[in-house]
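Report on the structure given below.
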Amino acid sequence: MADAIGEGERASDRSAAARWEAEAANAARAAGPPLLFGLRLWASVCLALYVAFWLELDNAYWAGTSAAIVCQPHLGASLRKGWYRMIGTLVGAVAIVILTACFPQDRAAFLIGLALWGAACALVATLLHNFAAYAAALAGYTAAIIASDQLGATGGPNGDAFMLAIIRVSEIWIGIVCAGIVLAGTDFGAAPRRLAAVFAAVSAEIVGGFGATLAPAGSTSSDPQQPVRRELVRKVVALDPMVDEAIGESSTLRYHSPVLQSAREGLLAALTAWRSVAVRLTRLPDRVAREEADALLRNIPQQLRSVPSPGEPSPWMADPVGMRRLCGEGARKLIAMSAGTPSLRLLADQTARVLVGLIHALDALALLTGKPDRPGPGRRARLHVADWWPAFVNAGRAFAMIGAAELFWIITAWPNGAFAITFTAIVVLLLSPRADEAYALAFGFTVGIGLGTVGSAIVAFAGLPLVETFVGFSIVIGLYLIPVGALIAQPWQTAVFIAMAYNFVPLLAPANQMTYDTVQFYNAALAIAGGSAAGALSFRLLPPISPAMRTRRLLALTLRDLRRLAANPRRRREDWEGRMHSRIAALPNAAEPLQRAQVVTALSVGSEIINLRRIAPRLGFGPELDAALAALAEGDSAAANARLAALDRRLGSLPDSDPQTPLALRARALILGIGDALEQHRAYFDEGAPA
């Protein structure tokens, strides 16, 4: 008995030890990438400072700061950010030189011009996306950095802007290049592979969800896949920064970037077409819905509908060229499929659009996975502005806060006031595009500066006086930068740790001949903290537009553009869809499902109107179509539907022997799609119409 008890206790101990070892191994694996990033951050800063010291630059800390800022946990993001940082720095330097030349002896005009430049950069940063927006913000606060150097304690521009611009640009570019060397030499990158995996997963989910819409058709009057589509739209919108990151790692992808943009738009088009099919099936009698869904399934290749077994590689990743061929065959069959009713014609055409959208995604997959059948470079995407008003609000906030910081500096004659202006500009310009997240991020950034000040003080006054060589200096700052860098690479309170890392080097202000002046240190720390706190406060005093208001504005602008499209026959389909895709991407996370559905429905209606207008001259129903669309433009969807129904009856009266009958059937399918949409969202399409 005692032996059995002892053996059980030993087995329990072995099991507990095995669990502890497994947990320790998992923790070590999880901590590995963040620690490696911390080492890269530290090495980048040290290399940048070494080069700046060797060149005996005035403010070497700007090189180290730039290296820290450019470092990102992923290689593609770092390289892309470094490239745009170079551009933004150069633009900001040119701007401040021009501003100084225009107002060489006029401090008031110079400061107003600096605030206006910051406002312009905030506006452009809000309109652009990802690292292009970062470059616009950087152009604004680079001008403030150089301005703070030449303004001095309380004076005006001293005319040294040109040389200061060259020096600051050189220091910043040194930091960017050094960080790029360290990162490219230690991180081989995997952004294209990650992007390919997401494209493949989303494509497979669309095919699976679309099949789940067709399979039970006729057995339910609702659309159970609507939440799935809504989540897929979020995933497709989230692809934008991932595309930018992948482009940063590959010059080939940079050249073919329109292919990646077309893939994203193709997935949105596939989701829009899937919605049209789902709506049509729910409006049909059960028996008819089942028959028409079966007709569609017979024309979709079985390989597209099959689900790989567990452990089996996804064909979307393994063979994108073959899957593209299958989608192309299915789309051609569906377009050529004989359809006896407008409903079946609509379903077949929209299903073909789903497959065509997937073809664009498979083009991107072939490019990302290095398959031999690569697509051509494609067309360049145009910038479409979803809503100008948030950009103007951000520009007004930037002008007001930079101007207020300048006024405070003039009134108080604070020696470090110009430095505070710089950090006010940094926080306001960098975070304005983040909308509802801006205040929380700015607050976290300010907290991080406070914690970073403590860490910098310990390093500056307790650690650095004990060392005399650059190696010793590097080891001491590594004790701070490596753990803080590791914390940046985890998802919790990232803004706090970013501020702790980014502002460490400016606070430390390392130089070839180090000085340990506590008054100077804490004055600089107060300027950085005060400027950052003012930037955070600006998002409370002049808050961003609320998510609810932004959503209402996007819906109103979408409806306005749809009515203009109905009244204007010259709108191109690519322009319309690009504008609507930008609206879908701009919808806040707080937008309700119905509101998202209304924007997607408006996109579908607009595309069908454009297609109808192309057919109208060949069938001679232009005047009738114009009358129906005029009612839609006036916000009278009931009259529009009635006129479209009359047009449908006219087209349906063509004899079967008429050579135009197939084209008329396709036009009737488009009319049916518009009618379904107007009926489903009548309140939205009639909104704002005269009583």
Side-chain angles (χ1 to χ4, degrees), residues 205-226 228-229 232 269-306 326-359 597 600-601 604-605 607-608 611-612 615 641 644-645 647-649 651-654 656 660-681:
E205 286 184 63
I206 289 175
V207 170
F210 187 69
T213 295
L214 295 180
S219 62
T220 176
S221 59
S222 63
D223 178 14
Q225 295 298 313
Q226 188 177 30
V228 177
R229 283 198 304 275
L232 285 171
L271 290 166
T272 303
W274 175 8
R275 184 209 67 83
S276 298
V277 170
V279 170
R280 178 90 294 260
L281 289 173
T282 58
R283 297 177 69 84
L284 288 172
D286 292 349
R287 182 183 61 79
V288 177
R290 181 67 266 150
E291 290 175 353
E292 296 193 352
D294 288 341
L296 297 178
L297 288 169
R298 286 193 295 271
N299 286 276
I300 298 175
Q302 179 62 38
Q303 297 94 318
L304 287 177
R305 293 184 280 133
S306 60
L326 290 173
C327 287
E329 291 173 1
R332 285 190 291 273
K333 283 184 180 179
L334 288 161
I335 291 171
M337 186 179 85
S338 176
T341 64
S343 177
L344 183 55
R345 182 73 271 158
L346 170 66
L347 291 171
D349 288 348
Q350 293 297 330
T351 303
R353 285 198 68 197
V354 172
L355 296 180
V356 170
L358 293 172
I359 286 173
V600 174
T601 303
S604 178
V605 170
S607 299
E608 285 160 351
N611 288 334
L612 261 180
I615 297 174
N641 253 341
L644 288 171
L647 176 56
D648 178 71
R649 288 191 295 272
L651 293 172
S653 65
L654 290 175
D656 293 341
Q660 296 285 15
T661 297
L663 186 61
L665 185 61
R666 188 153 270 124
R668 294 180 68 195
L670 294 171
I671 291 171
L672 184 61
I674 295 173
D676 284 348
L678 296 182
E679 189 66 31
Q680 186 184 26
H681 296 286

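Quick caveat: nothing in here was measured; it's all calculated off a predicted structure. Values below: all heavy atoms of this structure, side chains included; hydrogens, waters and symmetry mates excluded.
- Atom CG of Leu670 and atom CG of Leu651 lie 10.5 Å apart (nearest 0.5 Å).
- The heavy-atom pair separating Ala331 from Leu355 by the smallest distance is N-CD1, 3.5 Å.
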Give the intermediate values and the outcome of side chain to side chain contact (heavy atoms under 4.5 Å, CB included) for residues Leu284 and Ser343.
-> CA-CA 9 Å; Leu284 288 172; Ser343 177; 3.5 Å; yes
Going through the distances and angles, do Val207 and Ile300 end up as a side chain to side chain contact (heavy atoms under 4.5 Å, CB included)?
-> CA-CA 10 Å; Val207 170; Ile300 298 175; over 6 Å; no
Return a table of donor-acceptor pairs under 3.5 angstrom between the side chains of residues 346-354 and protein atoms on other chains or two or more places apart.
residue, atom, partner, partner atom, Å
Asp349, OD1, Arg345, NE, 3.2
Asp349, OD1, Arg345, NH2, 3.0
Asp349, OD1, Arg666, NH2, 3.1
Asp349, OD2, Arg666, NE, 3.0
Thr351, OG1, Leu347, O, 2.7

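- To the nearest 0.5 Å, the span separating CG on Asp648 from CG on Leu672 amounts to 7.5 Å.
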Audit row: Leu232, Ile206, side chain to side chain contact (heavy atoms under 4.5 Å, CB included) steps and yes/no = CA-CA 8 Å; Leu232 285 171; Ile206 289 175; 3.9 Å; yes
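- One finds the CZ atom of Phe210 at 9.5 Å from the CG atom of Leu358 (value rounded to the nearest 0.5 Å).
- If you take CG on Leu297 and CD on Gln302, they are separated by 9.0 Å, rounding to the nearest 0.5 Å.
- For the atom pair Arg649 CZ and Arg668 CZ, the distance stands at 10.5 Å (nearest 0.5 Å).
- Nearest heavy-atom pair, Thr601 versus Ala677, reported as atom, atom and distance to 0.1 Å: CG2-CB, 3.4 Å.
- Salt bridge annotation for Asp294-Arg290: present, with a cationic side-chain nitrogen under 4.0 angstrom from a carboxylate oxygen.
- Note on Glu291 versus Arg287: salt bridge recorded, some NZ/NE/NH1/NH2 to OD/OE distance being below 4.0 Å.
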Decide yes or no on side chain to side chain contact (heavy atoms under 4.5 Å, CB included) for Val279 and Arg283, but give the supporting numbers first.
-> CA-CA 7 Å; Val279 170; Arg283 297 177 69 84; 4.0 Å; yes
Output a table of donor-acceptor pairs, distance under 3.5 Å, between side-chain atoms of residues 334-342 and any protein atom two or more places apart or on a different chain; print 'none' if there are none.
residue, atom, partner, partner atom, Å
Thr341, OG1, Glu292, OE2, 3.4
Thr341, OG1, Leu344, N, 3.1

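- Asn641 is linked by a side chain to side chain donor-acceptor pair (under 3.5 Å) to nothing, counting only residues two or more places apart in sequence or in another chain.
- Considering all non-hydrogen atoms of both residues, Ser604 and Ser276 come closest at OG-OG, 3.3 Å.
- Between the side chain of Thr213 and the backbone N or O of Gly209 there is at least one donor-acceptor pair closer than 3.5 Å.
- Using a 4.5 Å heavy-atom cutoff, the side chains of Leu665 and Thr661 are not in contact.
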